2 protein chains.
Amino acid sequence: MDVQRLELLRELADRGSVTAVALATHRTPSAVSQQLKVLEREAGLPLTQRQGRGLVLTDAGRALARSATDVAVSLAKATALWDEFRNHASGEVSLVTFPTAGQMLLPGVIKQLGADLVLNCADEDPELSDFPAFTAEYDIVLAHSMSGQLSWAGRGLSVVPLMTEPLDVGLPVGHPLADRAWVGPRDLVGETWIGVTDGYPFERILHAIEQEAGSRLSMSQRFADLALIESFVIAGLGIALVPRYTSGGGQPGRVVLKPLRGVESERQIVALMRPDRAERLAVRTVVEALRAEAARVQQAHTAP
Amino acid sequence: MDVQRLELLRELADRGSVTAVALATHRTPSAVSQQLKVLEREAGLPLTQRQGRGLVLTDAGRALARSATDVAVSLAKATALWDEFRNHASGEVSLVTFPTAGQMLLPGVIKQLGADLVLNCADEDPELSDFPAFTAEYDIVLAHSMSGQLSWAGRGLSVVPLMTEPLDVGLPVGHPLADRAWVGPRDLVGETWIGVTDGYPFERILHAIEQEAGSRLSMSQRFADLALIESFVIAGLGIALVPRYTSGGGQPGRVVLKPLRGVESERQIVALMRPDRAERLAVRTVVEALRAEAARVQQAHTAP
DNA sequence: TGAACTCTTTAGACTAGCTACATGGACGTG
DNA sequence: CACGTCCATGTAGCTAGTCTAAAGAGTTCA
């Protein structure tokens, strides 16, 4: 029984097609197909079956793929162990982030890391994204969710919480509410809102405000990009929900933030990983740096 | 990083020499040496070092070998899983026992097992043996110890308790104590004992009796083989400690057994295994059969 | 029906790991 | 102190397993 073949099965479970697995593992589809066939012959029972022009796993195949994860985890632990003996987090780590978290955390993280650890970052628009799917492609996926609502639980992924970021109400300078210490749902009725694109997680909070205030909010625009939203707020075209630590990325200091009370208004920022990749020393080092940086950012905002 | 190579390192940790590893894995010493060299180059740090004409592991090597066990365990779990899917415990299982346990349990166990599971048994004299060492060679090692005193704990082995067997005092027919319901340490002063070979675990109990009774026991002979001891008891040459369920293997019914009170007098019979081998479905099946048979034997002795 | 896509088959090349044999220290002995 | 023995390691060549490349077979969609 061979680990490489098991790994291939696991990749197939994650990626869903032989071609995708081949692409990901730098092989030809033929090689993958052959190896899966050998595995199946060794197992003595069908692990895959054709469906249309694609290939899907049988129950047995899925079960085996799941236990292949355990193998990968213990293997990763072993390599991590010897990396620790050399104290030297080797290799490259890839990471995807949604824009605001990247802007908030990554510059500080990269400064923390040593020269022999290369961190390759990319960003993806969060509205469109199925965060867990990215774990196949990247070592670390920075994801966000509303508090409590962990949509990716129970998928067999490692989840490391990094920070909880409050979502404030962003107002233009000179707005009637701008000299208040905080605002509540009832204060916000009648305002024009700059909303987020459908499916974006902030939406839930806007709905909660409507619920509390007992009337619908008027939504003039829908954007995904925070800097764009802020520019509209600054121009006096409406108010918006804005993550507290990330605000001001575009034009610093020109949006007035007011804490929102009466509605739970915060987002969780977490790192999502495949369990085996989470064991790599290099990955663990980056995650630790992310946590440290997140704590630093949070500290910097609460201290003054 | 390759699992096979890790496995080799683990074997080296267990067996202590390249030649032994080669022998055990059906390879030439050269092949083993080459693979270890590759592993060392991959690891980037020395895993072994020469000592005299042999080879010993460095600290890093030992640590890595330990984590190799985890890999082997998860791999064994995976193969066990697919054996379960076929419901078919495949292959051969090897087992060593000390004579009395074998006589008590093995015939019943082998009857329980299906035809497609081959159980290869061997026996070893317990007095001489370092039980854990046998786990390198055999899948299952039947071992015994006095209650509580588990000499093999913490060596990273799987231990499955099978039964606790009382150790009674064996008397010849017509002995003055033969009509008593039980005997205590003070009853035994002045008797001539047939003892066990030095280092044999029963010895502890004899010492405890001496302690309780406050005088030394006179020990006329020292044997390892139970049938031999019993033949001496039957001949009226002395009395002896005899495991209750195993007694009478030679000449049934001619030794009178009396429970011993006032001194804890029992032995634990356990199955010892390497953790990875313990995961194999075939091995688990045999262990289960052993437990069932042990329970049956114990039942048969307590019911009437 | 044919174009596009996916998996599989086949044939051939390459490479990793094995054996066989030779080499070089370390230990024990006459 | 030289000799045989034991153990690990180099070297050369072979084999088996795994890859690529190219053709084939089945499915989907226009």
Side-chain angles (χ1 to χ4, degrees), chain A residues 1-58 60-62 64-65 68 71-72 75 79 133 136, chain B residues 1-58 60-62 64-65 68 71-72 75 79 133 136:
Chain A
M1 137 106 99
D2 185 54
V3 180
Q4 304 243 47
R5 285 195 260 267
L6 270 182
E7 203 57 25
L8 245 40
L9 191 72
R10 191 164 75 95
E11 289 289 344
L12 183 63
D14 276 12
R15 300 179 193 269
S17 97
V18 172
T19 321
V21 174
L23 220 62
T25 59
H26 308 290
R27 273 183 268 236
T28 55
S30 172
V32 175
S33 179
Q34 288 175 59
Q35 292 308 311
L36 288 175
K37 181 149 287 280
V38 173
L39 188 67
E40 207 155 16
R41 199 165 46 70
E42 278 183 348
L45 55 101
L47 301 174
T48 60
Q49 70 193 64
R50 304 219 46 155
Q51 187 177 79
R53 50 188 170 186
L55 199 67
V56 295
L57 293 177
T58 61
R62 251 187 304 281
L64 207 53
V71 177
L75 248 170
T79 59
Chain B
M1 137 107 98
D2 184 55
V3 180
Q4 304 242 47
R5 284 195 261 267
L6 270 182
E7 203 58 26
L8 245 41
L9 191 72
R10 192 162 75 96
E11 288 290 344
L12 184 62
D14 276 11
R15 299 177 194 270
S17 96
V18 172
T19 320
V21 173
L23 220 62
T25 59
H26 309 289
R27 272 182 269 238
T28 55
S30 174
V32 174
S33 180
Q34 289 173 54
Q35 292 308 308
L36 288 176
K37 182 148 288 279
V38 173
L39 187 67
E40 207 155 17
R41 199 166 45 70
E42 277 183 350
L45 54 100
L47 301 175
T48 59
Q49 70 193 64
R50 303 217 47 156
Q51 187 178 78
R53 46 188 170 188
L55 199 69
V56 295
L57 293 177
T58 60
R62 251 187 304 281
L64 207 52
V71 176
L75 247 170
T79 59

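Convention: sequence-line order gives letters A, B, ...; per-chain numbering from 1. Since the structure is predicted, the reported quantities are computational estimates derived from the model, not experimental observations.
Contact annotation: A:Gln35 reaches the phosphate of D:dC19 (side-chain N/O to OP1 or OP2, under 4.0 Å). In this structure, A:Lys37 does not reach the C:dC7 phosphate: none of its side-chain N or O atoms is under 4.0 Å from OP1 or OP2. Of the side-chain N and O atoms in B:Thr19, one or more sit less than 4.0 angstrom from OP1 or OP2 of D:dA8.
One can place CG of A:Leu47 at 12 Å from P of C:dT8, the figure rounded to the nearest angstrom. Across the protein-nucleic acid pair, A:Asp2 atom CG and D:dA16 atom P stand 18 Å apart, rounded to whole Å. One interatomic measurement links the two molecules: CD of B:Gln49 to C1' of D:dT9, which rounds to 17 Å at whole-angstrom precision. The separation between B:Arg15 atom CZ and D:dC7 atom P is 15 Å, rounded to whole Å. The CG atom of B:Leu36 sits 13 Å away from the C1' atom of C:dG17 (whole-angstrom rounding). Taking atom CD on B:Gln34 and atom C1' on C:dT19, their separation rounds to 9 Å, with Å as the unit. Following rounding to the nearest Å, B:Leu23 (CG) and D:dC7 (C1') show an atom-to-atom distance of 13 Å. The CD-P distance, from A:Glu40 to C:dT8, rounds to 9 Å in whole Å.
Looking at the side chain of A:Leu55, the nearest of the listed nucleotides C:dC18, C:dC7, D:dC7 is C:dC7. Ranking C:dC7, D:dA8, D:dA21 by closeness to the B:Ser17 side chain, first place goes to D:dA8. When each of D:dT9, D:dT20, C:dC18 is scored by its nearest atom to the side-chain atoms of B:Arg27, the top-ranked nucleotide is C:dC18.
A salt bridge (Lys or Arg N to Asp or Glu O under 4.0 Å) with A:Arg5 is found for exactly one of A:Glu40, A:Glu42, A:Glu11, namely A:Glu42. The only option from A:Leu12, A:Leu47, A:Val32, A:Val21 that meets the side chain to side chain contact (heavy atoms under 4.5 Å, CB included) definition with A:Leu55 turns out to be A:Leu12.
With rounding to the nearest 0.5 Å, the separation of CG in A:Leu23 from OG1 in A:Thr19 is 8.0 Å.
Looking at heavy-atom distances under 4.0 Å, B:Thr28 makes contact with a base.
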Discussion item. Does the protein touch nucleotides 23-30 of chain D at the base, only the backbone, or not at all? Give it as B, S and - per nucleotide, heavy atoms under 4.0 Å.
Written reply: ---BBS--

Discussion item. Could you walk me through whether B:Leu6 and A:Leu75 satisfy the side-chain contact (heavy atoms from CB on, under 4.5 Å) test, starting with their C-alpha distance in whole Å, then the side-chain angles of each, then the deciding distance to 0.1 Å, before giving a yes or no?
Written reply: CA-CA 10 Å; B:Leu6 270 182; A:Leu75 248 170; 4.2 Å; yes

Item to complete: Output, in order, the C-alpha distance, side-chain angles, deciding distance and verdict of side-chain contact (heavy atoms from CB on, under 4.5 Å) for A:Leu64 and A:Leu57.
Response: CA-CA 10 Å; A:Leu64 207 53; A:Leu57 293 177; over 6 Å; no

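Side-chain to base pairing of B:Ser33 with D:dG10: no donor and acceptor N or O lie closer than 3.5 Å to each other.
The closest side-chain heavy-atom distance from B:Leu8 to B:Leu39 is not below 4.5 Å.
A donor-acceptor contact shorter than 3.5 Å is absent between the side chain of A:Arg41 and the backbone of A:Gly44.
Each of A:His26 and B:Val18 was matched to the nucleotide of DNA chain D holding its nearest heavy atom; the match closer to the 5' end belongs to B:Val18.
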